[in-house]
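To keep things clear, I will list the structure first and then write my remarks on it.
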Amino acid sequence: GEKKFRYGYGLAAEYLRMKDKTIAESDTPYEISDNVKDPAFSECTEIYCSLRYGENTHSSEELSKTDSLLKNISRKPIK
């Protein structure tokens with residue numbers, strides 16, 4: 001559901017902070033997305049922000065798709 005997606009997004013953002021030391025803990029989701037420049041993460045950021053800050057809902061199919069994108073991002077090795 002939406003809570004699981006929001007939690008997963010937070011984990012992916014934390015992973016990206018560990019990977020890229022230029023991402024600050026205080027960065028907004030859009031600042032992180034701009035820094036990462038990953039189309040999949042940008043798509044997830046849009047959905048995360050609409051869930052977190054808007055009062056939008058998303059279909060379970062859409063959440064499943066973005067959940068898969070987050071898993072793929074998290075599998076990329078830290079350099």
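These numbers come from the heavy atoms of this one structure, side chains and all, not from hydrogens, waters or symmetry mates. Please read these numbers as outputs of a predicted model, since none were measured by experiment.
- Taken to the nearest 0.5 Å, the CG atom of Leu16 stands 8.0 Å off from the CG atom of Asp38.
- For Asp27, the side chain to side chain contact (heavy atoms under 4.5 Å, CB included) criterion is met by Ile23, Ala24, Glu31, Ile32, not counting sequence neighbours.
- Applying the side chain to side chain contact (heavy atoms under 4.5 Å, CB included) rule to Ser50 yields the partners Asn56, His58; only residues at least two apart in sequence or on another chain are considered.
- For Arg17, the salt bridge (Lys or Arg N to Asp or Glu O under 4.0 Å) partners are Glu14, not counting sequence neighbours.
- No side-chain donor-acceptor contact under 3.5 Å links Ser33 to the backbone of Pro29.
- When hydrophobic clusters are built by joining Ile, Leu, Val, Met, Phe, Trp and Tyr residues whose side-chain heavy atoms come closer than 4.5 Å, directly or via intermediates, Tyr53 is grouped together with Ile47.
- Between Phe41 and Tyr9, the gap from one ring centroid to the other is short of 6.0 Å.
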